[in-house]
Amino acid sequence: MENLLLNNFVRFVHVLRAAGVRVSLSESIDAIKALSCIDLMSRGQAKAALAACLAKSEAERRIFSETFDRFFIDPDEKDAYIRSKATARQRKRQEIIHKASELQYQGQKLDIGDELMEVYSEISAEEQKSILEFLERSSTGKNMKSHFKPITENVVKGKLNHLKKKYKKHEYRCSVFDSAVTEAGIIAEDVQEAIREENNLIYRNLSTIEDKDMPAVIQMIKSMAEKLRNNSRNRQQTAKRAGLDLKRTISANISAGGTLFKLKYKRKHGRKQRILTLCDVSASMYRFSGFVLKFISCLHFEVSSADNYIFSTDIEHLNIHKFTTSSDIEHEITKSRVWKKGTDINRAIRHILKDRFVILNSSTVVIIVSDAKTLNVSDAAESLKQLGAKVKKIYWLNPIREDEWPGIAGIDGLRQHCTMLDCSTLEKLSKACERFN
Amino acid sequence: MDLRTLRKALEAEHYIFDENLLTTLYVSIKLGKPLLIEGAAGVGKTEVAKVLATAHGVELIRLQCYSGLDEAKALYEWNYQKQLLSIQLGLQQNCEYTSEQRLESLFSRDFLLERPLLKAINSDVTEVLLIDEIDKADEEFEAFLLELLSDFQVSIPELGTIRSRVRPIIVLTSNNTRQLSDALRRRCVYLFIDYPTIEKEIAIINAKIEGVPAKLASDIAAAVAYLRKNEKIFKKPSIAETLDWVSALMALGKKRLDEESAAKTLGFVLKNQEDILELTEDGGFGKFIAEQLR
């Protein structure tokens with residue numbers, strides 16, 4: 001009986017870990033001990049006792065709750081569910097592979113990878129027919145040799161990649177080939193799906209956020225900006241002790257009759273961390289404009305040590321003293337000469353480097369909000385390198401999803417000189433803000 | 001202490017709780033592990049420690065954390081004045097101690113000023129130690145606490161390692177203004193206290209304030225829940241603010257919530273000018289009272 005309980009518990013912990021809750025061995029041991037203190041027949045008490053030991057944050061609590069409710073059900077019902085899901089996935093995989101086997105060039109199967117095979121199986125019959133006709137023409141065409149296969153393959157891959165965006169139902173829906181077929185994996189995926197459904201807004205792409213969601217978005221950005229402010233305050237570090245401070249030592253020891261019990265040392269005053277933001281308000285960023293405007297205005301109000309610039313083909317400084325409300329800032333930005341123009345980040349950075357009123361030192365953190373689709377990208381990389389040498393750190397918040405970055409020209413050159421973070425959703429932006437130090 | 005006794009103790013202190021809180025508290029006491037409580041400001045985190053102290057019949061030992069808190073203020077400090085006086089008295093009385101013995105006697109427990117952490121460890125009874133708002137302390141102080149939280153001991157260079165004779169009950173609270181380290185979380189049992197439901201809030205109002213008219217309590221609880229759901233309100237009202245609001249309305253002789261008194265006492269429940277403006281621009285409580293409370 002004890003072994004059954006222990007086995008079940010261990011399986012539950014595996015599911016929790018697969019769902020994203022980091023459970024250590026000592027926490028598992030605590031949880032087992034906790035179960036021995038409560039009435040095991042009470043589901044509520046068991047859930048509370050396990051949660052107390054295994055889920056150590058608000059986010060983990062949500063995952064824990066969903067996992068517990070899905071795992072601790074009638075065992076037969078659970079096994080049947082797991083088996084049916086695993087079988088369905090295996091079947092689906094076979095169907096996709098079978099369907100993709102019709103993609104051939106002169107009798108040889110094309111090697112397009114799992115993801116594109118899945119895309120092929122999901123596109124419309126018409127689109128499938130057009131690809132097959134192309135392959136037929138290529139295979140039987142005049143002077144078409146067998147060593148042209150890679151070229152034909154690339155053409156088909158390009159077409160399927162283009163269709164991938166159209167058919168990808170959900171940002172986070174993973175490929176059936178990556179989907180789990182084990183109990184832990186299947187339950188974990190269901191839990192993650194449920195959490196995403198519940199917190200739909202933070203997982204949604206920034207460009208699809210609607211006006212009605214803006215109040216909630218603003219609250220999230222304000223919380224992030226507040227954390228950013230707290231982080232920058234906490235990081236006012238003092239240097240190591242550098243010699244005895246006699247004046248302070250003597251005054252601290254007057255109560256001890258002048259005997260120098262308490263020694264006070266000189267400390268270098270920590271420099272307040274400054275944040276310099278460069279926000280791209282060009283035409284290519286227009287679809288993210290709702291978010292960018294809110295981000296700038298929240299940052300301005302929450303982080304008083306932030307210096308804000310907006311840029312496109314040129315750069316403009318946002319004068320903080322003028323604004324009292326966020327709508328003032330947004331109005332100012334949309335009326336500025338840089339709104340919805342092209343992008344030249346090289347010019348923006350050069351201006352920053354030359355402007356004598358801009359403070360660039362080892363306490364300055366630069367935050368760039370841009371999709372990296374810029375003119376003069378190699379010059380931009382060079383100027384970014386020069387900027388990086390003068391400041392503490394450069395963080396680049398890119399609202400384009402990371403898997404789409406390879407499609408942006410010259411992005412690798414930019415990434416070498418900064419920390420580029422995927423901020424395509426609020427969830428990712430929140431994680432990015434935690435990295436600012 | 002068993003579950004039933006703990007339940008009675010919480011009820012005796014008029015602390016409104018749910019089964020989740022009771023079980024977590026119980027598990028923490030039984031396992032002898034510190035309890036980390038997270039939640040928004042004013043949801044009753046510190047109250048848990050106070051209630052536990054009363055339940056155990058001991059005085060609460062409180063350490064309020066802030067940036068810059070160090071060992072001298074949290075753990076111990078040498079009583080320099082007493083040491084100095086002792087030296088001078090020793091010289092006058094021509095003591096027969098050797099200089100080494102004298103030096104050792106100066107760094108003994110007699111000359112140690114116990115701060116909250118050391119007081120909790122040195123006690124012969126089960127103390128309740130509250131480390132309040134640990135997220136306000138520095139990361140260095142958090143690291144310093146790890147030995148205490150895992151082994152209930154501290155190291156003092158002159159005296160060695162001091163282990164607790166009787167393990168104190170340690171409660172840490174956090175408003176989650178910064179991420180606490182995994183090392184700290186791992187050493188604790190975790191409890192998250194969210195804002196209460198309307199029914200629970202009514203129960204809290206009735207438990208904490210005597211003679212509240214039933215209609216007023218339910219109106220206030222519903223109004224506060226409405227404010228908390230409003231995404232435009234940044235600083236959500238806490239339970240403490242709810243109680244203040246009830247007290248203010250009772251002082252005005254109100255038996256139910258109406259638009260005029262709500263507008264006059266808004267400062268008791270919303271502590272942020274931007275939030276007050278947002279609510280006022282949205283029409284205040286007028287629409288809510290008309291639709292939901294009548």
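Below, each value reflects all heavy atoms present in this structure, side chains not excepted, and no hydrogens, waters or symmetry copies. Naming convention: chains lettered A, B, ... in sequence-line order (proteins, then strands); numbering from 1 in each chain.
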Handout entry: Aromatic ring pairing A/Phe68/A/Phe72, orientation class (parallel under 30°, perpendicular over 60°, tilted between)
Key = tilted

Problem - Cationic N near anionic O, under 4.0 Å, A/Glu27 to B/Arg185 - result: no

Problem - Salt bridge flag under 4.0 Å for residues A/Glu60 and A/Lys56 - result: no

Using non-hydrogen atoms and a 4.5 Å limit, figure out which bit of [X] sits close to chain A: side chain, backbone, both or neither.
| X | result |
| --- | --- |
| B/Ile233 | backbone |
| B/Asp194 | neither |
| B/Val27 | side chain |

Problem - Check: B/Arg187 side chain, B/Glu147 main-chain N or O, donor-acceptor pair, under 3.5 Å - result: no

Handout entry: Derivation and outcome, ring-ring contact (aromatic ring centres under 6.0 Å, His included), residues A/Phe12 and A/Phe64
Key = CA-CA 10 Å; A/Phe12 176 63; A/Phe64 172 89; 5.7 Å; yes

Fill in the blank from the handout: Most contact-rich option vs chain A, by heavy-atom pairs under 4.5 angstrom, among B/Val189, B/Leu180, B/Asn20, B/Leu31, is B/Leu31

Practice task
Look at B/Arg186, B/Lys33, B/Glu278 and state which one has the largest set of heavy-atom pairs under 4.5 Å with chain A.
Solution key: B/Arg186

Completion exercise
Checking B/Lys235, B/Arg228, B/Lys236 against B/Glu241 for salt bridge (charged side-chain N to carboxylate O under 4.0 Å, His left out), the one that qualifies is B/Lys235

Problem - Region of A/Glu58 that comes under 4.5 Å of a non-hydrogen atom in chain B - result: both

Fill in the blank from the handout: Bottom line for A/Ser57: the part with an atom under 4.5 Å from chain B's heavy atoms is both

Exercise for the section: Identify which of A/Gln45, A/Arg61, A/Lys33 forms the greatest number of heavy-atom pairs closer than 4.5 Å to chain B. Expected result: A/Arg61

